[in-house]
Amino acid sequence: METKYIFVTGGVVSSLGKGIISSSLANLLIARGFRVTIQKFDPYINIDPGTLNPYEHGECYVTVDGHEADLDLGHYERFTNIRTTRANNVTTGRIYQSVIDKERRGDYLGKTVQIVPHITDEIKRKVKQLGNTGKFDFVITEIGGVVGDIESLPFLEAVRQLRWELGRDSVCIHLTYVPFIAAAKELKTKPTQHSVKQLQQLGIQPDVLVLRTEHHIDGDMRRKIALFCNVSPDDVVQSIDAPSIYEVPVKMHEQGLDNIVLKLTGTPSDGEPHMAPWLNFLEKMHNASGKVTIGLVGKYVELQDAYKSINEALFQAATYEDRKLDLRFIHSEKLDESNVGEQLGGMDGVIIAPGFGHRGIEGKFVALKWCREHDVPTFGICLGMQCMVIEYARNVMGLAGANSTEMDTKTPYNVIDLMEEQKSISDMGGTMRLGAFDCDLREGSLAAEAYGSDRVSERHRHRFEFNGQYRSRFEAAGMQCVGENPATGLVEVVEVSGKRWYLGTQYHPEYSSTVLSPNPLFLSFVAAAIKYSGEKEKEKV
């Protein structure tokens with residue numbers, strides 16, 4: 001079949017959940033046996049979110065091919081079990097960079113380079129790039145931002161052109177907000193009507209409306225919206241707040257969103273989507289009998305989207321272990337010797353979060369020392385693993401002043417140091433070790449047992465590394481280097497034997513954790529935390 005293109009736009013306000021709706025639709029189409037991929041077009045001029053502050057943008061997600069991407073790609077992968085690449089996330093910056101590079105090479109033969117057709121042509125090329133591979137039946141394209149934003153105009157103009165070119169092989173789904181005015185006790189449809197009119201003024205008629213709401217929208221109101229927006233009443237779907245984002249695919253299927261798209265694109269499909277594994281996860285989520293309390297120590301805890309993939313990986317693992325996740329965010333800047341016992345004493349397990357820079361770093365050292373001495377299951381990720389190494393060097397090996405050269409260029413013991421190939425690089429963007437790399441695990445190690453394999457491939461995002469010159473000293477002192485890159489020998493995983501669960505990874509295992517394939521390390525960590533919780537309960541008796 002010809003590739004079908006589905007465009008998802010947003011109106012009224014941002015953060016309505018275009019990524020969740022896109023992921024849910026992809027989930028349903030995949031469950032029907034179709035080959036599906038999703039891409040996100042972000043209107044900001046940054047080349048990628050790699051240099052953006054998490055307070056600005058939330059988590060920076062990393063694809064297998066080393067592209068720093070929008071956090072929505074994490075949702076795409078968690079909902080679909082597909083692996084995204086740089087082709088799945090495009091920014092205005094990348095579009096303009098590509099066009100300017102072509103202009104400098106003389107590709108436009110001296111013509112004046114303009115928004116239309118040159119920028120829009122480049123956007124259209126990126127939209128169709130995945131479809132032209134012949135690997136996909138559906139390409140879902142989410143347009144970031146809100147209709148009416150100046151930044152989104154070139155993307156929407158490209159969508160307008162593609163709608164004409166693709167005809168029935170394309171569908172536009174518009175997600176809008178239907179607010180409830182508490183004083184009047186009424187839902188209001190005008191914002192949706194105005195949003196659709198803005199879209200129509202740009203030459204785009206939506207085929208499907210998804211109405212984000214906190215209250216049920218009855219049939220009469222949906223028919224009213226359909227009438228004013230030139231949309232069939234059957235193609236107006238409501239998206240009511242759900243207790244979990246993982247329930248949204250089921251809610252969308254109940255209202256026939258997947259059937260609507262198949263009808264509009266003329267795509268035949270028999271029967272119902274095969275959702276048994278997904279429904280099994282939801283059943284476990286709803287019926288979880290106990291809870292597990294995990295503390296996440298980091299410096300961006302005010303903005304939980306900064307650790308989105310970790311949060312979701314923990315939630316998935318807890319669900320499969322028949323537990324509800326009680327995730328506590330602990331600000332590393334506010335953690336010290338005087339309050340660490342009070343802050344961490346009730347935790348069944350502790351995650352030391354990734355990050356960059358020295359802010360909040362001492363609080364992480366304090367947390368790690370306390371967890372190690374009290375034998376609490378502890379998981380360090382990226383900078384968290386590096387902090388494990390530094391704390392161990394200082395407090396177990398007696399290397400006073402040990403540090404990372406990221407924090408202290410004059411440290412007497414540079415147990416974490418800049419990678420050799422990074423020392424001549426001054427640019428910040430896209431210059432770290434990025435993407436998936438192989439890691440060989442020592443037989444019999446905690447990590448190897450968790451994975452059930454002695455070789456894995458996980459994603460990285462960092463500049464600094466464990467300094468191999470200290471490796472033998474660490475192993476002699478009890479911190480084992482049980483994972484290494486087979487090509488470079490760089491240390492990827494450390495663990496302390498004799499502890500309940502004390503392990504750090506230089507890579508980011510959370511990026512590869514999905515609903516249907518939770519990451520084995522998170523499963524192992526959460527299982528250890530549950531076991532520790534049970535031991536504490538027995539001690540009370």
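Since we're looking at a predicted model, the values are computed, not measured.
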Trainee: Mind telling me whether Phe155 and Phe41 have parallel, tilted or perpendicular rings, with 30° and 60° as the class edges?
Mentor: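 Answer is perpendicular, since the angle exceeds 60°.
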Trainee: With a cut-off of 6.0 Å (strictly less than), are more than 12 heavy atoms of other residues, nucleotides or ligands near CZ of Arg105?
Mentor: yes
Trainee: Only pairs under 3.5 Å count here: list side-chain donor-acceptor contacts from residues 274-286, not counting sequence neighbours, and write none if there are none.
Mentor:
unit_1 : atom_1 : unit_2 : atom_2 : d
Trp278 : NE1    : Tyr246 : O      : 2.9
His286 : ND1    : Leu282 : O      : 3.1
His286 : NE2    : Glu247 : OE2    : 3.1

Trainee: Under the 3.5 angstrom rule, does the side chain of Asn81 hit a backbone N or O of Thr514 as a donor-acceptor pair?
Mentor: no
Trainee: Near Glu2 CD, under 6.0 Å, is it more than 12 heavy atoms from other residues, nucleotides or ligands?
Mentor: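 It does not: Glu2 CD has 12 such atoms or fewer within range.
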Trainee: Taking atom OG of Ser453 and atom CG of Asp440, what is their separation to the nearest 0.5 Å?
Mentor: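 Separation between the atoms: 9.0 Å.
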Trainee: For a quick test of reading the model, state the closest non-hydrogen atom pair linking Asn519 to Pro509 and the distance between them.
Mentor: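 For Asn519 and Pro509, the tightest heavy-atom pair comes out as ND2-O, 3.2 Å.
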Trainee: Run through Phe379, Tyr320, Tyr511 and flag the one making a ring pair (Phe, Tyr, Trp, His ring centres under 6.0 Å) with Phe522.
Mentor: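 For Phe522, the ring pair (Phe, Tyr, Trp, His ring centres under 6.0 Å) test succeeds with only one of Phe379, Tyr320, Tyr511, which is Phe379.
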Trainee: Just by modelled atom types, is the Phe79 backbone N or O under 3.5 Å from a matching donor or acceptor in the Asn27 side chain?
Mentor: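 Indeed, once roles are kept as given, a pair shorter than 3.5 Å links the two residues.
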Trainee: Of the options Asp137, Thr265, Asp169, which is the one that meets Lys4 in a side chain to side chain donor-acceptor pair (under 3.5 Å)?
Mentor: Asp169
Trainee: Which atom names give the shortest non-hydrogen contact between Leu130 and Phe136, and what distance separates them?
Mentor: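 That closest heavy-atom pairing would be O-CD1, 3.5 Å.
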Trainee: Is it true that, when you exclude Lys263 itself, more than 12 heavy atoms of the residues, nucleotides or ligands shown sit nearer than 6.0 Å to its NZ?
Mentor: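 Enclosed.
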Trainee: Please tell me whether Ser98 and Glu122 have a donor and an acceptor in their side chains that are separated by less than 3.5 angstrom.
Mentor: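 Their side chains do contain a donor-acceptor pair, which is all the 3.5 Å distance test asks for.
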Trainee: Taking C-beta and beyond as the side chain, do Ile123 and Leu162 meet within less than 4.5 Å on heavy atoms?
Mentor: no
Trainee: Search all heavy atoms of Pro354 against all heavy atoms of Ile310 and return the closest pair with its distance.
Mentor: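 What the structure gives for the nearest pair is CD-CD1, 3.5 Å.
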Trainee: Do Gln205 side-chain atoms and Cys229 backbone N/O form a donor-acceptor pair below 3.5 Å?
Mentor: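 Between the backbone of Cys229 and the side chain of Gln205 there is a qualifying donor-acceptor contact (under 3.5 Å).
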Trainee: With a 3.5 Å cut-off and no angle check, do the side chains of Glu458 and Tyr451 form a donor-acceptor pair?
Mentor: yes
Trainee: If you take all heavy atoms of Val493 and Ala447, which pair is closest and at what distance?
Mentor: CG1-CB, 4.1 Å
Trainee: Using a strict threshold of under 4.0 Å (side-chain N to carboxylate O), is an ion pair present between Asp121 and Lys124?
Mentor: yes
Trainee: Spell out, as yes or no, whether a donor-acceptor pair under 3.5 Å connects the side chain of Arg86 to the backbone of Ala69.
Mentor: no
Trainee: Nearest 0.5 Å please: distance from the CD atom of Gln238 over to the CZ atom of Arg212.
Mentor: 11.5 Å
Trainee: Hey, what do you get for NE2 (His67) to OH (Tyr61), rounding to the nearest 0.5 Å?
Mentor: 12.0 Å
Trainee: Identify, with sequence neighbours excluded, every residue that meets side-chain contact (heavy atoms from CB on, under 4.5 Å) alongside Leu153.
Mentor: Leu202
Trainee: Using only atom types and a distance under 3.5 Å, with no angle test, would you say the side chain of Gln193 pairs donor to acceptor with the backbone of Phe228?
Mentor: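 No; zero donor-acceptor contacts below 3.5 Å.
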Trainee: So, for Thr9 and Cys172, which heavy atoms are closest and what is the spacing to 0.1 Å?
Mentor: OG1-SG, 4.1 Å
Trainee: Hey, is the main chain of Ile38 close enough, under 3.5 Å, to the side chain of Asn88 for a donor-acceptor pair?
Mentor: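 Yes; at least one donor-acceptor contact below 3.5 Å.
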Trainee: For Lys135, look at atom NZ and say whether over 12 heavy atoms of other residues, nucleotides or ligands are found less than 6.0 Å away.
Mentor: no
Trainee: Could you tell me whether Arg163 and Asp207 make a salt bridge, using a distance below 4.0 angstrom between a side-chain N and a carboxylate O?
Mentor: yes
Trainee: With respect to Val208, which candidate in Asp234, Val171, Val8, Leu175 satisfies the side chain to side chain contact (heavy atoms under 4.5 Å, CB included) definition?
Mentor: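 Result for side chain to side chain contact (heavy atoms under 4.5 Å, CB included) with Val208: Val171.
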Trainee: Tell me, do Ser513 and Glu312 make a side-chain contact under 4.5 Å, heavy atoms counted?
Mentor: no
Trainee: Check whether any side-chain N or O of Arg442 sits under 3.5 Å from a backbone N or O of Cys481 as a donor-acceptor pair, and report yes or no.
Mentor: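 Looks like yes, one N/O pair under 3.5 Å.
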Trainee: Using a distance-only test with no angle check, is there a side-chain donor-acceptor pair under 3.5 angstrom linking Ser309 and Arg78?
Mentor: yes
Trainee: Could you tell me whether the side chain of Leu490 reaches within less than 4.5 Å of the side chain of Phe466, counting heavy atoms only?
Mentor: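 Sidechains of Leu490 and Phe466: no contact.
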Trainee: For Thr91 and Asp42, does a side-chain donor sit closer than 3.5 Å to a side-chain acceptor?
Mentor: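 No, no side-chain donor-acceptor contact under 3.5 Å.
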Trainee: Report yes or no: does Glu151 contribute a side-chain atom to a donor-acceptor pair with the main-chain N or O of Pro43 at less than 3.5 Å?
Mentor: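 No: the side chain of Glu151 does not pair with the backbone of Pro43.
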Trainee: Do Asn89 and Thr84 have side chains that approach each other closer than 4.5 Å (heavy atoms only, starting at C-beta)?
Mentor: no
Trainee: Please tell me if the side chains of Tyr76 and Asp70 come closer than 4.5 Å, counting only heavy atoms from C-beta onward.
Mentor: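 A side-chain contact is absent here, since even the closest heavy-atom pair is not under 4.5 Å.
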Trainee: Show the nearest heavy-atom pair for residues Thr3 and Gly131, with the distance to one decimal.
Mentor: OG1-O, 3.4 Å
Trainee: For the pair Glu68 and Arg461, find out whether any cationic side-chain nitrogen is under 4.0 Å from an anionic carboxylate oxygen.
Mentor: yes
Trainee: Check Asp72 with Lys18, please: is the shortest side-chain N to carboxylate O separation under 4.0 Å?
Mentor: no
Trainee: As an exercise, state the distance from CD of Glu142 to CG of Leu25, rounded to the nearest 0.5 Å.
Mentor: 12.0 Å
Trainee: Could you grab the distance from atom OG1 of Thr267 to atom CZ of Phe138, nearest 0.5 Å is fine?
Mentor: 4.0 Å
Trainee: Is there a side-chain contact between His460 and Glu465, using heavy atoms and a 4.5 Å cut-off?
Mentor: no
Trainee: Taking Tyr307 for the side chain and Tyr300 for the main chain, is one N or O donor matched with an acceptor at less than 3.5 Å?
Mentor: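 Yes: the side chain of Tyr307 pairs with the backbone of Tyr300.
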Trainee: Does any part of the side chain of Val146, heavy atoms only, come nearer than 4.5 Å to the side chain of Tyr177, both counted from C-beta?
Mentor: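 Tyr177 vs Val146: side chains apart.
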Trainee: Say you draw a straight line from CG of Asp235 to CG of Asn259; how long is it, rounded to the nearest 0.5 Å?
Mentor: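 These two atoms lie 11.0 Å from each other.
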Trainee: Counting neighbours of CD on Glu254 that are heavy atoms of other residues, nucleotides or ligands and sit closer than 6.0 Å, is the number greater than 12?
Mentor: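 Above 12, so yes.
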Trainee: For the backbone of Pro520 and the side chain of Ser524, can you confirm whether one donor and one acceptor N or O come within less than 3.5 Å of each other?
Mentor: no
Trainee: Taking the side chain as every heavy atom from C-beta outward, state whether His462 and Leu383 have any atom pair closer than 4.5 Å.
Mentor: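 No, their side chains stay 4.5 Å or more apart.
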